[in-house]
Student: 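Have a look at the structure that comes next, please.
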Amino acid sequence: MKFINLLKKELKDLLSAQTIMGMVITLVIFYGLGTIMGDVMEKAMSSSEITVCDEDNTTFTNSVLQAIENQGNKVIKVSPSDQSDPAKLMKNINSDSLVIIPEGFTKTVLEDKKQAELKFINVMRNSSLSGTISSEKNSAVIDIIKEAVSSTLLLNYGLSDNDITTVKEPVLVKDITVIKDRSAEISYSAVSSLTMMQNMFLPIVIFILVMFSSQMIISAISTEKIDKTLETLLSAPVSRISVLLAKMLAAAIVAMLNAGVYMIGFSKYMNGMTGGAIEKISSSAEVSKMLSSLGLQFAPADYVLLGLQMFMTLLISLGVALILGAMVNDAKSAQTLIMPIMLCAMLPYLLSMFTSINSLPLGIKILIYLIPFTHTFTATDNLMFDNMTIFWGGFAYQVILFIIIMFFAVRLFTSDKIFTASLNFMQKSRAKRQINSDR
Amino acid sequence: MPVLEAKGLTKQYTKVLAANDVSFSIEKGEIFALIGPNGAGKTTTIRMISTLIKPTAGDAIVNGFSILQNPEKVRENITYLPDEAGAYKSMTGKAYLNFMAGIFANDPQMAKEYVQKAEKICGLGERLDEKISGYSRGMIRKLLLARAVMTSPALAILDEPTSGLDVINALEIRKMIKELAAGGMSFLLSSHNMLEIEFVSDKVGIITGGKLMVTGRPNELKERYNAANLEEVFERVVKEHEIH
Ligand SMILES: Nc1ncnc2c1ncn2[C@@H]1O[C@H](COP(=O)(O)OP(=O)(O)OP(=O)(O)O)[C@@H](O)[C@H]1O
Ligand SMILES: [Mg+2]
């Protein structure tokens with residue numbers, strides 16, 4: 001009986017209006033996230049259109065294409081005039097993936113009985129998971145073609161046993177990947193796995209950093225308020241703005257130190273985990289040359305931009321945390337205050353991991369980009385894939401937002417709002433209950 | 001010129017009129033105590049004078065500076081000890097004094113003098129080298145009091161200075177306040193313990209429901225209301241105002 005009594009009290013304490021609100025918001029966000037992701041995945045998986053440029057144009061190649069269509073795929077034939085620059089070519093035909101069957105393909109396979117070369121060009125637009133999924137889909141396209149060539153060979157042209165290797169592996173695929181106006185002879189999946197490796201740990205670092213520093217400053221300021229050391233400071237002969245700036249700057253410095261440690265630790269960990277694999281690829285001069293010819297390798301200037309971007313996000317979260325922390329009067333509300341910041345960081349974090357935010361429907365895209373943290377999560381992609389307008393636009397937005405936040409923070413500290421305003425949902429609801437029960 | 005002159009201080013919170021036209025003055029070397037029950041508006045009045053909250057109406061002049069026009073100057077002339085205040089728990093008592101001295105002093109020499117003075121006043125001795133997280137309530141109170149007077153402000157504002165202290169310590173604190181006042185420092189105190197405050201204050205102001213009912217020397221008031229102590233005075237003051 002006594003236990004039930006205790007349990008009831010603890011449950012009531014934990015299931016406050018705030019926590020329930022938090023749960024509802026989380027649910028709504030994940031529901032929304034699920035819907036968005038579902039659409040994205042469907043789009044990535046569905047269309048089985050194959051854009052083909054058949055330069056050989058023989059009975060054999062036509063029957064191969066026919067075989068592909070027979071399997072339920074749609075073949076779109078194009079015949080571009082200028083093929084010298086793959087990047088321009090892809091722009092002209094307005095497609096993200098193209099198979100080129102070169103002239104002499106039939107002759108090589110049927111007469112020379114050798115592996116014939118096939119060009120496979122893919123456009124990479126972002127480094128997210130959905131991009132990788134579409135690349136999987138693309139290599140499936142190649143398998144379909146290989147299969148079609150094999151079965152066409154077997155069905156229509158009686159081949160001897162020593163032709164079997166040709167039948168098994170009839171084509172040699174020459175992969176070309178296009179990023180913006182650059183191209184290199186490397187497969188999409190190789191590029192995407194490399195960029196994934198490069199980009200995966202950064203969002204984790206940002207997420208942890210935002211959470212950590214927000215929590216730090218919320219607890220710092222709310223403790224000062226609860227202990228009334230803030231009242232002492234603000235009644236002392238010291239500029240109130242310097243009190244505020246000292247707090248912000250200290251938190252920013254600690255957060256940056258943390259960021260540095262995480263970065264070093266994570267890169268060591270990643271190196272260890274992927275063992276020689278990544279090193280082998282990266283150190284092979286050819287691949288790294290290709291990556292840089294695609295514009296994927298970060299130049300020092302890019303790192304500076306990225307660092308700037310991260311610092312901006314940090315400052316914004318610190319500013320918001322400072323304002324939130326200054327409005328509470330008890331430790332428990334201070335803890336739950338991290339919730340809105342966490343949700344704002346989590347949404348773009350998860351989205352940017354699984355899909356490209358730039359490719360979402362416009363309305364959702366704008367909503368997501370209104371969350372200032374989003375700009376940091378998309379920064380690596382924007383820098384890599386040269387979406388500089390979005391990068392600088394986001395940066396400007398963050399700066400403006402930060403100025404607005406600081407304006408409010410300064411107002412809060414230099415007026416008496418810091419002692420009279422309060423964000424105590426719990427106390428308010430209690431007060432209301434009190435009034436109701438008084439009636 | 002009085003050290004403090006409160007002129008019609010009024011604070012209207014969303015629902016509560018916490019201070020209603022409060023006026024009084026404190027001379028140099030005088031100890032003034034605001035007394036009244038819980039929720040009377042003592043802390044609200046004190047916070048307005050400490051420049052922490054803005055009055056809805058009225059003004060207060062501290063050493064010639066208005067809390068409205070010149071709050072920065074006012075802050076140079078006061079120290080404020082909040083009710084139930086804590087200190088930075090991760091610091092040692094000594095570190096706390098050093099930090100606060102650094103906030104008030106304009107040069108290191110001055111800061112050093114402040115700290116030396118505080119060390120003498122607080123009477124914590126060796127224990128100043130311990131972390132504040134291990135201090136008792138009374139120890140923290142003494143540390144903060146020492147901090148509040150170490151800079152020899154024109155006006156020290158102490159909200160419930162002896163709350164949480166035992167009889168001996170409370171007595172010590174009262175003695176200390178009297179000595180410092182004799183040296184020319186002025187004090188604004190608050191308390192809901194009307195019996196205790198009688199011994200320390202030169203003048204008291206009885207406040208209830210945000211209204212300052214009456215001010216005067218304890219003896220004068222006791223005579224005027226024909227009461228044995230301030231508690232009885234308070235009782236009669238409240239009754240009198242209800243009748244009117
Ligand atoms: N920030 C605030 N917002 C709204 N009302 C407030 C606020 N601070 C104080 N009050 C109200 O103002 C009134 C006076 O409060 P105040 O703290 O000045 O009383 P007090 O005399 O110091 O009492 P105590 O002896 O309990 O410390 C109370 O009714 C209180 O509820
Ligand atoms: Mg009070």
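All chains are named by letter (A, B, ...) in the order of the sequence lines, taking the proteins before the strands, and each is independently numbered beginning at 1.
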Student: Of the listed residues (B/Tyr80, B/Phe104, B/Tyr88), which shares the most heavy-atom pairs with chain A below a 4.5 Å separation?
Tutor: B/Tyr88
Student: Taking only heavy atoms into account, what residues of residues 38-69 of chain B are found under 4.5 Å from chain A?
Tutor: B/Arg47, B/Ser50, B/Thr51, B/Leu52, B/Ile53, B/Lys54
Student: A quick test of your reading: do over 12 heavy atoms of other residues, nucleotides or ligands sit less than 6.0 Å from CZ of A/Phe407?
Tutor: no
Student: Has A/Ile241 got more than 12 heavy atoms of other residues, nucleotides or ligands less than 6.0 Å from its CD1?
Tutor: no
Student: For each of B/Pro71, B/Pro82, B/Ala85, tally heavy-atom pairs with chain A at distances under 4.5 Å, and name the one with the top tally.
Tutor: B/Pro82
Student: Does a sphere of radius 6.0 Å around NZ in B/Lys94 hold more than 12 heavy atoms from other residues, nucleotides or ligands, not counting ones at 6.0 Å or beyond?
Tutor: no
Student: Tell me, side chain or backbone of B/Lys89 under 4.5 Å from chain A's heavy atoms, or both, or neither?
Tutor: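 Only the side chain of B/Lys89 comes within 4.5 Å of chain A.
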Student: Donor-acceptor check, side chain of B/Asp107 to backbone of B/Met110, threshold 3.5 angstrom: yes or no?
Tutor: yes
Student: Is chain B contacted by the side chain of A/Leu233, its backbone, both, or neither, given a heavy-atom distance below 4.5 Å?
Tutor: side chain
Student: Parallel, tilted or perpendicular, judged at 30° and 60°: which one describes the rings of A/Phe207 and A/Tyr349?
Tutor: parallel
Student: Report, in residue-number order, which members of residues 135-153 of chain B are under 4.5 Å from chain A by heavy-atom distance.
Tutor: B/Arg147
Student: Name all pairs fulfilling the salt bridge (charged side-chain N to carboxylate O under 4.0 Å, His left out) condition that reach into residues 244-261 of chain A, sequence neighbours left out, sorted by first residue then second.
Tutor: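 Found A/Glu224-A/Lys247.
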Student: Where the side chain of B/Asp166 meets the backbone of B/Asn169, is there a donor-acceptor pair that is under 3.5 Å apart?
Tutor: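 Confirmed, B/Asp166 side chain pairs with B/Asn169 backbone.
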Student: Donor-acceptor pair, distance only, cut-off 3.5 Å: does the side chain of A/Ser219 make one with the backbone of A/Met216?
Tutor: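 Checking the backbone N and O of A/Met216 against the side chain of A/Ser219, a donor-acceptor pair under 3.5 Å is found.
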Student: Atom CG of A/Leu315 and atom CG of A/Leu401: how far apart are they, to the nearest 0.5 Å?
Tutor: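 Going from CG on A/Leu315 over to CG on A/Leu401, the span is 11.5 Å.
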Student: Tell me, side chain or backbone of B/Glu76 under 4.5 Å from chain A's heavy atoms, or both, or neither?
Tutor: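 Contact with chain A: backbone and side chain both.
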Student: Identify which part of B/Asp83 has an atom lying under 4.5 Å from any heavy atom of chain A, answering side chain, backbone, both or neither.
Tutor: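 Contact with chain A is through both the backbone and side chain of B/Asp83.
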Student: Is it true that B/Lys203 and B/Glu27 make a salt bridge, defined as a side-chain N closer than 4.0 Å to a carboxylate O?
Tutor: no
Student: Consider only side-chain N and O atoms of B/Thr92 and B/Asp129, and report whether a donor and an acceptor are under 3.5 Å apart.
Tutor: no
Student: Any ring-ring contact (aromatic ring centres under 6.0 Å, His included) pairs touching residues 15-38 of chain B, not counting sequence neighbours?
Tutor: B/Phe24-B/Phe32
